[in-house]
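To start, the structure under review is shown below, and the notes come after it.
Lettering of chains follows the sequences in order, A, B, ..., and the numbering in each one begins at 1.
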Protein chains: 2
Amino acid sequence: MLSHKAKYALKALLYLAQQEETHISRTIEIADAASIPKKFLEQILLDLKRGHFVGSKQGKFGGYYLLKSKNDITLADIHRLFDGAIALLPCASLNFYERCSDCVDESECLLRHGLITIREETLKAMQGITIASLVKK
Amino acid sequence: MLSHKAKYALKALLYLAQQEETHISRTIEIADAASIPKKFLEQILLDLKRGHFVGSKQGKFGGYYLLKSKNDITLADIHRLFDGAIALLPCASLNFYERCSDCVDESECLLRHGLITIREETLKAMQGITIASLVKK
DNA sequence: ATTAATTCTATAAAACTAGTAGAGTTTAAA
DNA sequence: TTTAAACTCTACTAGTTTTATAGAATTAAT
C-alpha cells in the first residue's frame, strides 16, 4: 500500500502536470485543489524537489513547477522516493537490497526466487504508469 | 513490502510443504528449521489455521499440517491474510475496498484508474506464485 | 496423573506514520 | 529599505502498527 505521503505526492504532481508549462503553483494552491494538509504538503514538495522531480522559485510569487517531463515521472519513481523498495522483501530488491538476518544461504532461499519474479513484474507495471499517462485517462 | 508475519507464514508453509503428507510438524520444529521466534510463530500458525490453510492436532504429539493443497496456496492469499490489500490504495482494492476521505468524485480520480491497472497486474503475478511453485525451484 | 502440545488473552517496547509548530530565508515590489 | 508572501528547515508529538513476549488454559496421549 502507498503511504499518504506518496499518494499526496502523486496528486500534487498530477496537479502540476495539468497547469500550463510556465505556470508556477503555490503550495496553498496545490493543497486546496488536491485536499492535502498544507504543512504536510510543504515537506512532500521539498522531498520531490530533492528528488529532482519538481523545481521551485523562492520568495514572493514563488512556488513549484514540474522539473522532469511528465512522461519521465513514473509510479515506480514516486514509490521508491517515499515508500522505498518495490520488492516485497529487501533481499529481492534492486535499489534497497538488504540481507535477511534470518537467512542461512540466500542463493538457496526458496522464497527469494519467487519474490524476485514478482518484483520484476510489478516494477515493469509501475514503470508503465507515468504522470502523463494518468492525466490522459 | 511484506511484514515479518507474512514472511514467516510463507517460510512456515514452505517447511510444511516439504514434509511428507502424513507428517505432523510441531511449532518448535518449524521455528527452529525456519529461524522464526517460537511464540510469534504460534500466533501466525493460528492465523493460518483460521484462514484454513493449515490444520492442527492438539495435545501430545500434536502439531500442524497443510490443509489446502500447496498448489492452491498463493502469495496473494498470504499477502491478503497478513498484510491486507494487494492494491496500492484502498479505493483500488477488490477485497479491502474503502473510499478515500479526500476524494471528491471517485469516478473522476486520475490516480485510481492507474492503480487499478497495477492491482490487476500485481494480483495476476502474485496468484501465479504458489507454495508448490516455490518449493519446485 | 503426567507430559507435551496447541490455544487464548494480555502486555510491552520499538518503530513508523501523519501531521503540526515555528523560526528562518529568499524574493518582488511598493 | 521596508513589507509581504512565499519557500526552507528542524523539531516535535500523538497515534497507530509491528514485533514480539508472558503466562494461563485447554487438549490429548501414555
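An OP1 or OP2 oxygen of dT18(D) is reached within less than 4.0 angstrom by no side-chain nitrogen or oxygen of S3(B). When the side-chain nitrogen and oxygen atoms of K5(A) are compared with OP1 and OP2 of dC16(C), none of them lie within a distance under 4.0 Å. Taking 4.0 angstrom as the limit, R50(A) places a side-chain polar atom (N or O) nearer than this to OP1 or OP2 of dC9(D). Of the side-chain N and O atoms in Y64(A), one or more sit less than 4.0 angstrom from OP1 or OP2 of dT8(D).
For S56(A), counting side-chain heavy atoms from C-beta on, the closest listed nucleotide (dC7(D), dT7(C), dC9(D)) is dC7(D). Between dA18(C), dT6(C), dC9(D), one nucleotide has an atom nearer to the side chain of H4(A) than all others, and that is dA18(C).
Contacts of residues 75-106 of chain B with DNA chain C (heavy atom under 4.0 Å): none. Within residues 28-43 of chain A, the residues approached by DNA chain D to less than 4.0 Å at the level of any non-hydrogen atom are E42(A), Q43(A), in residue-number order. Non-hydrogen atoms lying under 4.0 Å from DNA chain C are contributed by nothing in residues 7-17 of chain B.
Across the protein-nucleic acid pair, D47(A) atom CG and dT8(D) atom P stand 11 Å apart, rounded to whole Å. Remark: P of dT19(D) and CG of L2(B) are 10 Å apart, rounded to the nearest angstrom. I44(B) has its CD1 atom 14 Å from the P atom of dT7(C), to the nearest Å. Regarding L46(B), its CG atom lies at a distance of 15 Å from the C1' atom of dA10(C), rounded to whole Å. Straight-line distance from the OH atom of Y65(A) to the P atom of dA6(D): 17 Å, rounded to whole Å. Here dA20(D) presents its P atom at 15 Å from CG of L45(B), a figure rounded to the nearest Å. Nucleotide dT6(C) holds its P atom 16 Å from the CG atom of L67(B), rounded to whole Å.
Inter-residue side-chain proximity for I78(B) and L48(B) is flagged as met; some heavy-atom pair is nearer than 4.5 Å. Here the side chains of K70(A) and K136(A) are not in contact, with every heavy-atom distance at 4.5 Å or above. Between L123(B) and R80(B) the shortest side-chain heavy-atom distance falls below 4.5 Å. Taking 4.5 Å as the limit, every side-chain heavy atom of D47(B) sits out of range of all side-chain heavy atoms of F53(B). The closest side-chain heavy-atom distance from I131(A) to K68(A) is not below 4.5 Å. Using a 4.5 Å heavy-atom threshold, the side chains of K38(A) and I28(A) count as touching.
Scanning for side chain to side chain contact (heavy atoms under 4.5 Å, CB included) contacts around E121(A) gives T117(A), A125(B), with sequence neighbours left out. In this structure Y8(B) satisfies the ring-ring contact (aromatic ring centres under 6.0 Å, His included) test together with H4(B), F40(B), sequence neighbours excluded.
The side chain to side chain contact (heavy atoms under 4.5 Å, CB included) test with R112(A) singles out one residue from L115(A), I116(A), L110(A), and that residue is I116(A).
Shown here is E106(B), whose CD atom has more than 12 heavy atoms of other residues, nucleotides or ligands within 6.0 Å.
Residues D102(A) and K11(B) are paired through a salt bridge, judged by an N-O separation under 4.0 Å between the basic side chain and the carboxylate. With salt bridges taken as basic N to acidic carboxylate O contacts below 4.0 Å, none links K124(B) and E120(B). Using a 4.0 Å cut-off between charged nitrogen and carboxylate oxygen, D83(B) and K5(B) do not count as a salt-bridge pair.
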Under 3.5 Å, which protein N or O atoms sit close to an N or O of nucleotides 27-30 of chain C? Give each pair with its distance.
| from | atom 1 | to | atom 2 | distance (Å) |
| --- | --- | --- | --- | --- |
| dT27(C) | O2 | K60(A) | N | 3.0 |

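Linking ILVMFWY residues whenever their side-chain heavy atoms come closer than 4.5 Å, directly or via other members, places Y15(A) and F82(A) in the same cluster.
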